[in-house]
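Below is one structure, written out as structure tokens; comments come after it.
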Amino acid sequence: MGVVNVTPDSFSDGGRFFDPRAAIAHAQQLASEGADIIDIGGESSRPGAKPVSVQEELERILPVLEGLKNLGKPISVDTRRPQVMREALKAGTSMINDIEALSAQGAMEAVASSQCAVCLMHKKGEPATMQRDPHYDDVVKEVFGFLQERVAACEKAGLARDRLVADPGFGFGKTLEHNLTLLRKLPEFTKLGVPLLAGLSRKSGLGTLTGRPAHERLAGSLAMALLALQGGATILRVHDVKETKDVIAVWKAYDA
Ligand code: 7PJ
């Protein structure tokens with residue numbers, strides 16, 4: 001899954017893709033590099049980010065979705081807003097990637113009547129404040145329990161299990177130690193019975209580990225990608241598709 005941010009403040013690409021034409025070109029580039037899914041986001045959820053209005057989020061993503069109609073690859077929209085979900089689905093989106101796991105009022109209903117796939121992600125707290133001293137008694141138990149509950153809630157609302165993907169939400173209300181614990185225990189999350197998505201690309205924990213700014217975290221991100229594959233992730237949400245495809249090629253040969 002290749003990441004295309006359509007936000008002026010997205011932390012790892014410095015907002016380079018706010019212009020819809022630039023975002024469209026970037027998505028085409030990632031698709032040509034072998035991305036199987038393109039993830040379009042119009043609201044930054046980076047730590048400390050402020051929410052944008054529904055109107056603004058739609059104005060950012062709809063022109064990009066329009067421009068990618070003939071891309072020939074599934075498009076995912078990274079949003080937590082039911083109105084944005086509905087409009088994105090009308091525009092042909094194949095997947096809703098929700099960092100709130102469809103917990104907003106009306107979100108479940110917004111996706112239930114379509115056939116789209118859904119990524120259910122765990123986060124603790126709100127992006128504006130979630131990195132202020134997050135605490136868990138048992139991070140694996142809490143994140144697993146949450147995702148299990150959301151999978152069950154989806155099934156109850158009529159979303160078949162084969163439409164669902166689960167994601168522990170690295171960096172969302174988690175310390176570096178929490179993230180590393182979740183990564184080590186990722187194999188346990190395969191017990192959820194749905195494919196696992198991991199988003200580790202360029203994240204701040206890599207800054208802590210390597211001392212490097214976001215645009216210099218490629219090597220660290222590739223190391224994380226391999227660890228996630230080893231832990232059972234089958235979808236990697238990444239900024240650097242070409243390089244990650246090489247990691248996948250190596251992993252597949254090893255795992256054959
Ligand atoms: C994730 C995401 C993630 C899923 C972002 C960033 C911050 N969606 N959206 N998983 N992260 N499913 O790109 O670093 O980890 S935004």
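Since the model is a prediction, treat every value here as computed from it, not as a measurement. Ligands are counted one by one from 1 in listed order, and the atoms in each one are counted from 1 as well. One-based numbering along the sequence shown. In what follows, every heavy atom counts, from backbone to side chain, and hydrogens, waters and symmetry copies are set aside.
For atom 3 (C) of ligand 1, the candidate residues are Met1, Arg202, Lys203, His239; the nearest heavy-atom contact is made by Lys203.
One distance of note links CG of Leu222 with CG of Asp240; it measures 7.0 Å at 0.5 Å rounding.
Taking a cut-off of under 4.0 Å to the non-hydrogen atoms of Cys119, the atoms of ligand 1 that pass are 12 (N). Listed by atom number, the atoms of ligand 1 under 4.0 Å from Asp167 heavy atoms are 3 (C), 4 (C), 10 (N), 12 (N), 15 (O). Of all the atoms in ligand 1, the ones that sit under 4.0 Å from a non-hydrogen atom of Gly199 are 15 (O).
Within a 6.0 Å radius of CD in Gln131, other residues, nucleotides and ligands contribute more than 12 heavy atoms.
Between Glu177 and Arg184, at least one side-chain N (NZ, or NE/NH1/NH2) sits under 4.0 Å from a carboxylate O, which counts as a salt bridge. Arg80 has a carboxylate O that lies under 4.0 Å from a charged side-chain N of Glu126, or vice versa, which qualifies the two as a salt bridge.
Ring geometry for Phe146 versus His122: interplanar angle over 60°, hence perpendicular rather than tilted (30 to 60°).
Counting heavy atoms under 4.0 Å from ligand 1, residue Val3 does not touch it at all. Residue contacts with ligand 1, taken as heavy atom pairs separated by less than 4.0 Å, involve Asp78 solely via side-chain atoms from C-beta onward.
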